[in-house]
Amino acid sequence: MKTIYDVFKQQVTAHTDAVAVMDEKKCLTYGELDALATEIADGFPVKQPAKVGIVMSHSVEMIATILAALKSGAAYVPAEPSFPKERIKYMMEDCDFVVTDKGIQHIHNNINKVSDLAYILYTSGTTGKPKGVMVTNSNVLHYVRAFQHEFHPQPGDRMLQHSVCSFDIFVEEVFTTLLSGATLCIPSEETKADIHRLMDYIERNQVTMLSSFPYLLLEMNKLPRIPRSLRLLISGGDVIRAKYIDSLRTQGVMIYNTYGPSETTVCASYFRVDNAQPLADGTFSIGKAVLGTSIEILDDHLQPVEDGETGEICIFGNGISLGYQGDVPENQNFTTMPDGRRVYRSGDLGYVLSDGNIAFLHRKDKQVMIMGKRVESDEVENVLCDQREVETAVVCPQTDTDGLSYLVAYVVPRSKRFSLNTLKRSLADHLTSFMIPEFFVTMPSLPMTPNGKVDRRALPIVRKEGRLYA
């Protein structure tokens, strides 16, 4: 069975002197990137590690370290250096060692080596701790084939590396590029933070492909014109709306809406939107299943619903990951059908349109998308309730007038000396910034239903005006 590194080596042989990866300080050819990955792997303190933690700033060295982990037969476990320290500690505790910008931190030997495991991405979990999605080499190679089938990346193409490393857009950016002979372009954090500097970077480096959340496309849509080098814009991670891209659709660039949980390896469906009509609510279909994947709309008993009827989006095929690391209740979302096919129950609701494309509706549970990232409000609530300053609390998702989600925390303080600033600082040790509720409401007590549960319907509603086109 081929690994990610095997396919990368094929590109090294075919395109030894072509530029593989560049940041704002240096660039490496395929041959040089392979040599650096080998040097890094040779310096690992464990020669056959199971899991290698990577907490590095984005650079050619970071990409080489990921390849070094894969070459050694390990899975890599990524985290941004800016993540809360307690969250990083939790994510890294099962790794053999952690590679940082300052060097290697040895942890322990992990004897539970998982065959074919490529990486573990941590997503929000209902227990108050993030859950790790275990994705295999074969899962990633499946997705690279699906991407190549739809978008045809090749030598001469240049992909922008814009996403954080813990989100699967990063997987799309890195591996569809390096396994296709194309070039990965890594701007600095300062460049990414300014839309004009970012567009200058794209223009200067002749970037041809960009994959990101719809909010970046929205910012690009406000510009008089985007760089002419761009041939493909991919939106994923959240709902894209027609008003986000009305100007971009006139500029001759292909734009795709994509859908897929991390549990099914990056994307499960594609839909081209630059030449398509939006749905009645101003959003777009999520399209049809990618190569090597099938999607069915099923009821609570995993039985097909009639076309046009609402059901759960259930995903089959080669992208389905091994599941979550450890014995977590969410592993029940991975199950096997009577005919032997393995299925992932997404928890998303949708229905099949008359043209065979799929319309996404919303989550079955309380999981929401905040700035393109999945957040379990239960996880935020559990962490909030665990804080010293809080007697009890609930967290509720709300939607602003632009249809974007935000969180409201209802807090019963433990004492009159309660400080919201102190609470927020404490939460920042455990939650990434987008997971911290945008609004906090202090209450003397929480309203209760007759059977003793919190009456969420009786909580005061905090309304937020949308700001996309203010």
Side-chain angles (χ1 to χ4, degrees), residues 1-11 63 66-67 69-70 75-78 114-123 132-154 157 159-182 184 209-213 232-237 254 256-272 286-295 313-324 334 341-344 346 348 358 372 374:
M1 180 183 294
K2 282 188 176 181
T3 66
I4 294 170
Y5 198 82
D6 291 335
V7 179
F8 171 70
K9 283 291 289 184
Q10 293 175 353
Q11 300 302 320
I63 302 302
I66 289 173
L67 290 170
L70 294 171
Y76 73 91
V77 183
V114 181
S115 175
D116 195 30
L117 193 60
Y119 62 81
I120 298 175
L121 290 189
Y122 279 86
T123 65
V133 181
M134 301 185 293
V135 178
T136 67
N137 277 259
S138 54
N139 290 150
V140 175
L141 294 179
H142 143 78
Y143 185 67
V144 170
R145 288 191 294 270
F147 188 96
Q148 291 170 337
H149 179 261
E150 187 75 27
F151 302 121
H152 311 291
Q154 57 188 339
D157 269 315
M159 171 72 85
L160 185 73
Q161 199 288 285
H162 188 266
S163 175
V164 295
C165 64
S166 59
F167 195 66
D168 50 10
I169 288 179
F170 178 88
V171 175
E172 180 173 71
E173 293 168 341
V174 172
F175 295 116
T176 66
T177 300
L178 296 181
L179 304 191
S180 300
L184 186 67
M209 301 183 295
L210 181 157
S211 181
S212 189
F213 300 123
L232 174 65
L233 303 178
I234 301 173
S235 175
M254 288 192 301
Y256 273 74
N257 183 32
T258 64
Y259 164 83
S262 299
E263 291 83 351
T264 61
T265 315
V266 189
C267 291
S269 69
Y270 295 146
F271 185 66
R272 185 172 174 180
I286 59 172
K288 297 177 180 177
V290 304
L291 182 72
T293 297
S294 63
I295 298 176
I313 298 173
C314 295
I315 302 167
F316 302 79
N318 299 326
I320 298 177
S321 67
L322 293 180
Y324 304 114
F334 297 86
R341 292 182 301 157
R342 194 156 174 262
V343 59
Y344 176 69
S346 71
D348 295 326
I358 298 169
R374 289 189 295 168

Are the side chains of [X] and [Y] in touch, meaning some heavy atoms are under 4.5 Å apart?
X	Y	value
Arg374	Pro261	yes
Phe151	Leu232	yes
Arg145	Leu141	yes
Ile358	Ile295	yes
Leu322	Thr136	yes
Thr3	Leu70	no
Leu178	Leu67	yes
Val140	Val135	yes

Under a 3.5 Å distance rule, please check whether [X] uses its side chain to pair with a backbone N or O of [Y] as donor and acceptor.
X	Y	value
Asp157	Thr177	no
Asn137	Ile4	yes
Gln161	Leu184	no
Ser180	Thr176	yes
Thr258	Ser235	yes

task: Classify the ring geometry between Phe334 and Tyr344 as parallel (under 30°), tilted (30 to 60°) or perpendicular (over 60°).
output: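 Aromatic pair Phe334/Tyr344 classed tilted.
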message: Which label fits Tyr256 and Tyr270: parallel for a plane angle under 30°, tilted from 30 to 60°, or perpendicular past 60°?
response: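 Aromatic pair Tyr256/Tyr270 classed perpendicular.
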- request: Evaluate the criterion side-chain contact (heavy atoms from CB on, under 4.5 Å) for residue pair Asn318 and Asn139; output intermediate values, then yes/no.
  value: CA-CA 6 Å; Asn318 299 326; Asn139 290 150; 5.8 Å; no
Residues which pass side chain to side chain donor-acceptor pair (under 3.5 Å) with Ser211, listed by chain and number, not counting sequence neighbours: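 Here the qualifying residues are Glu172.
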Can you tell me if [X] and [Y] form a side-chain donor-acceptor pair at under 3.5 Å?
X	Y	result
Ser163	Glu173	no
Asp348	Tyr259	yes
Asp168	Ser262	yes
Ser138	Asp116	yes

field: Trace of the ring pair (Phe, Tyr, Trp, His ring centres under 6.0 Å) decision for Phe213 with Phe167
entry: CA-CA 11 Å; Phe213 300 123; Phe167 195 66; 5.0 Å; yes
Quick check: closest heavy atoms across [X] and [Y], and the distance to 0.1 Å?
X	Y	result
Thr265	Tyr143	O-CD1, 3.7 Å
Ser346	Ile313	OG-O, 2.6 Å
Ile169	Ser212	CD1-C, 3.8 Å
Gln11	Leu179	NE2-O, 3.4 Å
Val133	Ser321	CG1-OG, 3.6 Å
Pro78	Cys165	CG-O, 3.4 Å

State the [atom1]-[atom2] distance between [X] and [Y], to the nearest 0.5 angstrom.
X	Y	atom1	atom2	result
Ser166	Tyr119	OG	OH	11.5 Å
Met209	His152	CE	NE2	12.0 Å
Glu263	Tyr324	CD	OH	3.0 Å
Phe271	Ser269	CZ	OG	10.0 Å

- request: Mind running side-chain contact (heavy atoms from CB on, under 4.5 Å) on Val164 and Phe170 for me, showing each step along the way?
  value: CA-CA 6 Å; Val164 295; Phe170 178 88; over 6 Å; no
- prompt: Between Glu150 and Arg272, is the closest basic N to carboxylate O distance under 4.0 Å?
  reply: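 A salt bridge is absent here (no side-chain N lies under 4.0 Å from a carboxylate O).
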- request: Evaluate the criterion side-chain contact (heavy atoms from CB on, under 4.5 Å) for residue pair Leu210 and Ile234; output intermediate values, then yes/no.
  value: CA-CA 6 Å; Leu210 181 157; Ile234 301 173; over 6 Å; no
- request: Start with the C-alpha gap between Val144 and Val7, add the side-chain angles, then the distance that decides, and say whether side-chain contact (heavy atoms from CB on, under 4.5 Å) holds.
  value: CA-CA 10 Å; Val144 170; Val7 179; over 6 Å; no
